[in-house]
Novice: 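Take this structure, written in structure tokens, and hold onto it; I'll ask about it next.
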Amino acid sequence: MCAYHHVLLAVDFQPGVEEVCQRAREMTRAGSSRLSVIHVIEPMVMTPPYEGMSPLPVEFEQQMLQSARDSLQQLLDREGLADAQWTVEVGAIKWTIVGYAREQQVDLIVIGSHSRHGLERLLGSTANGVLHAAPCDVLAVHMENG
Ligand code: AMP
């Protein structure tokens with residue numbers, strides 16, 4: 001039986017996402033744990049409009065949100081996770097995942113992890129950032145295809 005009560009799966013739509021989904025599914029399959037899924041959209045950095053340029057229309061953000069919601073639902077259907085509670089949030093990826101985990105009393109975050117080299121490694125990764133800020137356990141799933 002799974003020792004976790006509330007598992008949070010953080011997904012992007014990059015190659016390898018299926019492995020992360022499957023691991024989250026395995027973690028919740030045996031027991032009575034609840035699964036939530038989050039995708040975060042980073043906000044556009046808005047500078048004051050320059051002459052001749054209009055600011056980004058509000059509809060653009062709405063379209064992006066809708067498109068992300070559709071993609072997430074399709075992914076969850078494909079991965080057999082249609083029953084999971086899911087959300088698409090706008091914010092800084094690391095802090096939004098960690099904040100959601102804290103608010104929703106998540107006790108395990110499942111996240112993908114790439115093997116990184118050079119500059120990417122120095123700058124860190126989402127998994128690394130979440131691991132160091134999370135209020136709970138974090139399972140970093142090594143992505144072969146990522
Ligand atoms: P990255 O370090 O950006 O390559 O991402 C590693 C993992 O962090 C992904 O496999 C996801 O589990 C998670 N992640 C990255 N971007 C997002 C996002 N926008 N929303 C939710 N989770 C994300």
Side-chain angles (χ1 to χ4, degrees), residues 1-48 55-146:
M1 202 173 90
C2 180
Y4 297 102
H5 298 292
H6 190 183
V7 175
L8 177 63
L9 164 65
V11 291
D12 52 15
F13 301 107
Q14 299 300 317
V17 65
E18 294 81 8
E19 293 168 62
V20 189
C21 289
Q22 288 314 309
R23 189 54 63 91
R25 198 154 74 110
E26 285 161 21
M27 294 304 294
T28 51
R29 192 162 39 199
S32 54
S33 3
R34 174 174 156 209
L35 177 65
S36 297
V37 185
I38 188 169
H39 174 70
V40 184
I41 298 177
E42 289 195 292
M44 304 258 166
V45 178
M46 297 293 287
T47 51
L56 270 175
V58 174
E59 302 91 71
F60 183 74
E61 188 172 297
Q62 290 306 319
Q63 279 172 12
M64 227 163 57
L65 271 167
Q66 193 51 54
S67 165
R69 288 184 186 119
D70 293 346
S71 300
L72 187 53
Q73 277 185 308
Q74 284 164 20
L75 175 70
L76 297 180
D77 282 349
R78 277 201 311 275
E79 297 304 318
L81 297 173
D83 291 342
Q85 174 184 321
W86 58 266
T87 183
V88 175
E89 304 285 334
V90 178
I93 298 173
K94 169 177 107 174
W95 292 116
T96 307
I97 294 171
V98 167
Y100 184 93
R102 192 168 280 123
E103 279 162 25
Q104 301 294 320
Q105 282 142 19
V106 163
D107 49 7
L108 178 69
I109 299 172
V110 179
I111 197 162
S113 172
H114 301 278
S115 313
R116 290 183 192 260
H117 306 282
L119 191 59
E120 276 191 318
R121 189 167 181 173
L122 276 177
L123 292 174
S125 65
T126 306
N128 199 30
V130 167
L131 178 64
H132 289 100
C136 59
D137 290 359
V138 177
L139 174 61
V141 179
H142 178 70
M143 293 189 293
E144 294 291 342
N145 302 319

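Ligands are counted one by one from 1 in listed order, and the atoms in each one are counted from 1 as well.
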Novice: Would you check if there is a donor-acceptor pair between the side chains of Q66 and D70 at a distance under 3.5 Å?
Specialist: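 There is such a pair between these side chains.
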
Novice: Counting heavy atoms only, which of V11, T96, D12, L72 comes nearest to atom 21 (C) of ligand 1?
Specialist: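 The nearest heavy atom belongs to V11.
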
Novice: Would you please test T126 and D12 for side chain to side chain contact (heavy atoms under 4.5 Å, CB included) and show each step?
Specialist: CA-CA 11 Å; T126 306; D12 52 15; over 6 Å; no

Novice: Would R25 and E79 satisfy side chain to side chain contact (heavy atoms under 4.5 Å, CB included), going step by step from the backbone distance to the final call?
Specialist: CA-CA 9 Å; R25 198 154 74 110; E79 297 304 318; 5.9 Å; no

Novice: Any heavy atom of M143 sitting closer than 4.0 Å to ligand 1?
Specialist: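 The answer is yes: ligand 1 sits under 4.0 Å from a heavy atom of M143.
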
Novice: Evaluate the side chain to side chain contact (heavy atoms under 4.5 Å, CB included) criterion for residues T87 and S36: first the C-alpha distance (whole Å), next the side-chain angles of each, then the deciding distance (0.1 Å), finally the verdict.
Specialist: CA-CA 8 Å; T87 183; S36 297; over 6 Å; no

Novice: Kindly give the heavy-atom pair with the smallest separation between Y4 and D137, and that separation in Å.
Specialist: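 In terms of heavy atoms, the two residues are closest at OH-OD2, 2.6 Å.
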
Novice: Compute the minimum heavy-atom distance from V110 to ligand 1 and say whether it is under 4.0 Å.
Specialist: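 Heavy atoms of V110 never come under 4.0 Å of ligand 1.
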
Novice: Taking both backbone and side-chain atoms of T126, is any N or O found less than 3.5 Å from an N or O belonging to ligand 1?
Specialist: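 By distance alone, the answer is yes.
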
Novice: Apply side-chain contact (heavy atoms from CB on, under 4.5 Å) to A101 and list each qualifying residue two or more places apart in sequence or on a separate chain.
Specialist: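 Expected list: L8, V106, I109, P135.
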
Novice: For ligand 1, is there an N or O atom under 3.5 Å from any N or O atom of V40?
Specialist: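 For ligand 1, there is an N or O atom that lies under 3.5 Å from one belonging to V40.
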
Novice: Using a plain distance cutoff, I'd like to know if G112 has any nitrogen or oxygen under 3.5 Å from a nitrogen or oxygen of ligand 1.
Specialist: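 Right, the criterion is met.
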
Novice: Taking H6's backbone N and O only, do any of them form a donor-acceptor pair with D107's side chain (distance below 3.5 Å, no angle check)?
Specialist: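 Side chain of D107 to backbone of H6, a donor-acceptor pair under 3.5 Å: yes, one is there.
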
Novice: What atoms in ligand 1 come closer than 4.0 Å to a heavy atom of I38?
Specialist: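 Reading through ligand 1 atom by atom, the close ones are 21 (C).
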
Novice: List every atom of ligand 1 that sits less than 4.0 Å from any heavy atom of S125, numbering the atoms from 1 in the order shown and giving each element.
Specialist: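 Ligand 1 atoms under the 4.0 Å threshold to S125: 2 (O).
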
Novice: Which of the atoms of ligand 1 are close to H39, meaning less than 4.0 Å from one of its heavy atoms?
Specialist: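 Near H39, meaning under 4.0 Å from one of its heavy atoms, ligand 1 has 18 (C), 19 (N), 20 (N), 21 (C).
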
